[in-house]
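Structure first, commentary second.
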Amino acid sequence: MKTILQKTVSILLLLSAILTGFILPVMQADASFEIPGTCQVQTDAGGSGTVKTLDYSYDDNTYFSLRDIAMLLKDTEQSFSLEITGSAVSLNPGSAYTPVGVENVPWEGSGAMDIALRRNEFKVNGEKVFYYTLITQLPSGDYDCFMMAADLAMILDMGVTVSSAGSLQIHTQKPFDLSPDALEEAGYFYGVNSVLVGDATTGEIYYQYQSDTPYPIASTSKLMTCLLTMEAISAGQLTPDSQVTISHAVQSLAVSSDGVVPLKAGEQISVQELLVGALLPSSNECALCLAESVAGSEDVFVQRMNAKAQELGLSQTIFYNSNGLPSFTEDFIPAKRQNSMSAKDMFRLASYLLNVYPQITDITSLEEATLESLDFKVRNTNPLLHNLPETTGLKTGTTNRAGACLVTSLTADDGTMEHDLVVIVLGAEDSIERGRVSGMLARYALNTFASGTEGTESGTDVQTTKNLPTHAEAAVDRVIRTARKHQLSE
């Protein structure tokens, strides 16, 4: 049995304060826009100073000045340079910071500031990453960028704790780490429906929270749609190059408010392009077109989806359509139904898909692609592809009822073979929090795998069922992928 990660007071403070942004600024107010405040920050190298903060929309949703922190870390191993414009940030770890004269001084004014939280252009060592930030122009004319302490800690891979209310401690010698069990005790997961972290290759579950309860899953439903499509290809019913004719039902969905890809009735498109469209930009019409191509109609396809769920032992799962949109009945008072699944069932589905059809990550690891028959460029909706190089997929999903969902897959190598790690977050309040929760848990998954420790928090029982590929072709593919990676690293 692998050891349980230790819980500490500093981690609890970190999780209830830093990771959720709950640092108490000196100024407190009922925020309607962005409330300026300050926080005292100290580094383990002896530096200390005042760091300006902005509470976004409400108290304790705190973003920290990058210029102020850069100045405090200027002569440490975690130093970084900054270039900030009105809409873009360039951060270079390991480079010396050049002061502009506005660092570590309190705000000149007070009161709410109307600054939009955006996914501003953000580059780390020249590579684009996806984080939400606030950029404002200071009275000096210089620009400053404010971001969550947790996001900066993940970028620099450093430890952060809360020594007391309104005080932050930066540990430049310690890597970023967290305990999901402590997060749960601090109430952090009250903002999501459920989460699960595990190794899809071995079946081990590192951490789970409310993982047995079914919740709406929105467009992550498309993982089952793509699984059945790949089974049809494996059975010889279709090939990736098979051309299918677009139906009027598909066109109707494409031109609706839920449409993504401009599919027109009577035209043809390949199965491979439909898979790319369903998985990257989360095209609802591409999913419907796949369903009709595999089963003749969506109704028959949905029956197969539910049958496959039973075959895989997904006991807390039900599908009403192929794409995850709300499904209405034709009753006098129509019922609004949504595909639902527990996080544990989603882990089983993702594990099966990754183990039997690992080629799915050839699609889901793409940041963008072009549907050649339409000359239409599509982009992946998964933000972690930009923030973590180990990310290989898998699928986002959002509806009002489901919230923001993300199923993330990552590769990890134990020296013998590659493993697929999976992080599932269902029901985050928005895409910002979905990305942050998933990013933190993804790093936890990688750290847990690398260190050989097993998080069995909150009564989690480690699964011992092996999920190694049951298809010979998939098993060979996994061995080849691992061997190729080892050759490239030599």
Side-chain angles (χ1 to χ4, degrees), residues 130 200 217-234 238-242 244 246 250 253-254 258-263 269-294 298 301 305 308 319 321-325 339 341 346 349-374 376-386 388 391-399 402 404-411 420 422-425 431 434-435 438:
F130 282 3
I217 57 173
S219 283
T220 61
S221 305
K222 295 183 176 79
L223 292 177
M224 178 62 89
T225 298
C226 291
L227 169 58
L228 292 183
T229 301
M230 289 178 171
E231 285 194 340
I233 293 172
S234 180
L238 298 169
T239 71
D241 295 328
S242 294
V244 298
I246 299 167
V250 170
L253 183 54
D258 294 312
V260 178
V261 176
L263 301 183
I269 188 171
S270 72
V271 170
Q272 180 69 16
E273 289 177 303
L274 291 172
L275 285 169
V276 171
L279 289 169
L280 264 62
S282 198
S283 166
N284 299 305
E285 54 278 351
C286 284
L288 175 58
C289 197
L290 286 172
E292 292 178 346
S293 301
V294 171
E298 187 177 37
F301 188 81
M305 293 174 78
K308 189 65 181 181
F319 292 103
N321 58 33
S322 59
N323 48 42
L325 290 172
N339 298 345
M341 183 181 292
M346 183 64 77
L349 172 61
S351 298
Y352 183 85
L353 188 54
L354 289 165
N355 284 319
V356 178
Y357 300 106
Q359 63 268 32
I360 190 175
T361 60
D362 293 340
I363 298 175
T364 58
S365 61
L366 297 173
E367 293 181 5
E368 60 181 33
T370 299
L371 306 182
E372 298 294 344
S373 64
L374 304 174
F376 186 77
K377 181 174 286 189
V378 295
R379 290 179 173 83
N380 202 320
T381 55
N382 186 350
L384 295 193
L385 283 170
H386 299 271
L388 274 175
T391 305
T392 58
L394 280 170
K395 190 70 194 72
T396 59
T398 305
T399 66
C405 306
L406 177 56
V407 180
T408 303
S409 59
L410 311 112
T411 58
D420 292 306
V422 172
V423 174
I424 297 163
V425 175
S431 60
R434 171 181 70 186
S438 298

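No hydrogens, no waters, no symmetry mates; every other heavy atom, side chains included, goes into these values. Computed from a predicted structure; not experimentally measured.
The shortest heavy-atom contact between Met305 and Met224 is O-CE, 3.8 Å. When all heavy atoms of Ser373 and Ile269 are compared, the pair lying nearest together is OG-CG1, 3.6 Å. The two residues Ala278 and Cys286 make their nearest non-hydrogen contact at N-CB, 3.8 Å. Pro240 and Ile233 make their closest contact through CD-CG2, 3.9 Å (heavy atoms, listed as atom of the first residue, atom of the second, distance). Of all heavy-atom pairs spanning Leu366 and Ala369, the tightest one is CD1-CB, 4.2 Å. Contact between Ala350 and Leu394 at its shortest, heavy atoms only, is CB-CD1, 4.1 Å.
To the nearest 0.5 Å, the span separating CD on Glu231 from CG on Leu238 amounts to 12.5 Å. Rounding to the nearest 0.5 Å places OG1 of Thr220 at 3.5 Å from CE of Met346. Residue Leu228 holds its CG atom at 11.5 Å from CG of Leu223, rounded to the nearest 0.5 Å. Once rounded to the nearest 0.5 Å, the distance linking CD of Glu298 with OG1 of Thr225 reads 8.0 Å. Taken to the nearest 0.5 Å, the CG atom of Leu279 stands 10.5 Å off from the CG atom of Leu274. Interatomic distance, Leu410 CG to Asp420 CG, rounded to the nearest 0.5 Å: 9.0 Å.
For Ser221, the side chain to side chain contact (heavy atoms under 4.5 Å, CB included) partners two or more places apart in sequence, or in a different chain, are Ile217, Phe319, Asn339. Legend: residues meeting ring pair (Phe, Tyr, Trp, His ring centres under 6.0 Å) with Phe130, ordered by chain and number and at least two apart, are His386.
Judged by distance alone, the side chain of Ser234 and the main-chain N or O of Met230 form no donor-acceptor pair under 3.5 Å. Between the side chain of Ser219 and the main chain of Gly324, no donor-acceptor pair closer than 3.5 Å is present. Side chain of Thr391 to main chain of Leu384: a donor-acceptor pair is present (N/O by atom type, distance under 3.5 Å, no hydrogens or angles). For Asn323 (side chain) and Leu288 (main-chain N/O), no donor-acceptor pair under 3.5 Å exists by modelled atom type.
Within the 4.5 Å cutoff, the side chain of Lys222 has heavy atoms near those of the Asn284 side chain. Ser431 is not listed as a side-chain neighbour of Thr398, based on a closest heavy-atom distance of 4.5 Å or more. Side-chain contact check for Val271 versus Thr239: every heavy-atom pair is 4.5 Å or farther apart. Side-chain contact between Val244 and Leu290: absent, with no pair of heavy atoms (C-beta onward) separated by less than 4.5 Å.
Inspection of the Lys395 and Asn382 side chains reveals no N or O donor paired with an N or O acceptor under 3.5 Å. For the residue pair Thr364/Thr361, the side-chain donor-acceptor check at 3.5 Å is not satisfied. Defined by atom type and a distance below 3.5 Å, a donor-acceptor pair is missing between the side-chain atoms of Thr396 and Arg434. Side-chain contact of Thr381 with Ser282: a donor-acceptor pair under 3.5 Å is absent, judged by distance alone. Defined by atom type and a distance below 3.5 Å, a donor-acceptor pair is present between the side-chain atoms of Ser283 and Glu285.
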